[in-house]
Amino acid sequence: MPWIKVKDALNGQAGQSVTVKGWVRTRRDSKAGLSFIALHDGTCHDAIQIVAKNDLPNYVDEIAHLTTGCAIEADGVLAESKGKGQSVEIQAESVRVVGWVEDPDTYPVPMKRHTMEYLREQAHLRVRTNTFGSVARVRHTLAMGVHRFFDERDFYYVHTPIITGSDCEGAGEMFRVSTLDALNYPKADDGTPDYSQDFFGRETNLTVSGQLNVETYCQALSRVYTFGPTFRAENSNTSRHLAEFWMIEPEIAFADLTDNAKLAEHMLKFVFDDLLTRRGDDMAFFDQRIENGLIDKLKGIIESDFRTLPYTEAIDILKNAKKKFEFPVEWGLDMQSEHERYLTEEHFKQPLVIVNYPKKIKAFYMRLNDAGTDGAPEDTVAAMDVLAPGIGEIIGGAQREERLDVLDRRIDEMGLDQSDYWWYRDLRKYGTTPHAGFGLGFERLIQFCTGIGNIRDVIPFPRAPKQCEF
RNA sequence: UCCCCGAUAGCUCAAUUGGUAGAGCGAGCGGCUGUUAACCGCUAGGUUGUAGGUUCGAGUCCUACUCGGGGAGCCA
């Protein structure tokens, strides 16, 4: 009999002979002489019901003892269900037990309600649950949607390095990469480690961003993006931060901040729509069990235009808000979480693109705006943040400074060393173009699309401070 | 890293002014039923996060630590 996936069995024709393979979700017995086995294999949200009668040779010894988590293969005939709750089921002709659950009493994920915190400690088994199976499928679909979106628009996928020379990436605590003996390392004259004797002959770290590298490819291939792991050694302990996360960073040449914001908007709308189309079963589950109104939220974003709001204007709105804020609102200060939440969750109730931030709170590579842009009292740069209700900053990006003299001035102002950026500066010497890009936190995107509150529950094996099990 | 809260059965929680540990779910066995959040009965299951301290006596009070949650900072 042909082995078919559960998703195909659920859509199959009655009378078809099939084999299915997967894991038992539940077993229910009827003393009328049969058992009902709900079987899932990860190919869709729902399980298929297998009806096993007690005249099967291994019914008493094996089938009647199946528990949640057992791996089985079943042959049988697809039939319209005689019971309610499912349209088709499999009338079993044979059920083979492939793998037992050794001790059902201590099986960590039996068929009962569990907290997300508990399941996080069982990360190797949690994907067997409804919720985490759905998260895994949605994560996959969003990743494929991102690739499809860029591929269809002539973007090239660039694999920027994971290991990087240390001084060229700016902000963010980094994880050191070294083969030196931590207990007995060669020392320089001042007692610090002598990295010239290390593997790469210099100090190296895990990347905190692929942006600087991908800009080089942008200046030859026009439209490029990275999609890879990113590492931050910050001691962040929140529901929105990981030490290892995945980031999508497109970079476009001959483009300005407006083009950049449009790209972000089109990309988000594309992947939302793609997700709703391809994973309706899982999204219905999240809508029902995790965040009521989730699907309408995503549809609303797909159908509406993103709101672009200059930083200067945002500050005015916050200053005039009736709401009392814990932190001060002042032009030139970075917006706090409470301010961003007010704007996106209360005032506008939709995703926002905030643009043109004060120069002094943003990175050196962001393009300096003309004086007085948006009526700002001081210099601004062409930066943008996309804020999503419930998540906060989901995208951060900018038009890049393509003028070498201005870039050098910014490097000096920030106390950085031009020589550390020699190849980045070369891009401005040889055929420079206006260009822009952004970084999208992939896990934050998944959080937004599933309603899952903690970022550690949307990545298979979360890495966070004091957390590197599995 | 800072503020607040928490840790008791496999899981979720209860336990009076400090007085000798309980329930539901899950699991096993039995009963009943084309079942599907099943239902009824019985059974098993505990070094109360770790290390100290106070006390005749600590799940309960004190100190430190570890881990988890909510919020903040950093950001994606």
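All values derive from a computational prediction rather than experimental measurement. Numbered from 1 within each chain, the chains take letters A, B, ... in sequence-line order.
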Taking any heavy-atom pair under 4.0 Å as a contact, classify [X]: base, sugar-phosphate, or nothing.
X      : answer
A:T238 : base
A:E340 : nothing
A:T106 : nothing
A:L242 : base
A:E89  : base

In the strands shown, is [N] matched to any nucleotide by a Watson-Crick or G-U wobble pair with both distances under 3.5 Å, and which?
N     : answer
B:C2  : B:G71
B:G30 : B:C40
B:G24 : B:C11
B:A64 : B:U50
B:G18 : none

| request: Indicate, with yes or no, if the rings of A:F327 and A:H339 have centres closer together than 6.0 Å. | output: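 Between A:F327 and A:H339, the centre distance exceeds or equals 6.0 Å.
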
| query | How about A:Y424 and A:Y365: are their ring centres within less than 6.0 Å of each other? | reply |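 Not close enough - the centres of the two rings lie 6.0 Å or further apart.
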
| Between B:U60 and B:G6, how far is it from one C1' atom to the other, in whole Å? | 15 Å

| request: Using the P atoms only, state how far B:G10 lies from B:G45, rounded to an integer number of Å. | output: 11 Å

| message | Under a 3.5 Å distance rule, please check whether A:R279 uses its side chain to pair with a backbone N or O of A:A284 as donor and acceptor. | response |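 Judged by distance alone, no pair lies under 3.5 Å.
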
| field | Nucleic acid contacts of residues 67-74 of chain A, taken as heavy-atom distances under 4.0 Å to RNA chain B | value |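 Residues of residues 67-74 of chain A under 4.0 Å from RNA chain B: A:T67.
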
| Are A:F245 and B:A76 stacked, counting the six-membered base ring, centres under 5.5 Å, planes under 30°? | yes

| said: Can you tell me whether the side chain of A:K112 and the base of B:C11 have a donor-acceptor pair closer than 3.5 Å? | reply: yes

| field | Donor-acceptor pair under 3.5 Å, A:Q49 side chain vs B:U35 base | value |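 Result: at least one qualifying N/O pair found.
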
Please list, for nucleotides 39-46 of chain B, all pairs of protein and nucleotide N/O atoms separated by less than 3.5 Å.
none

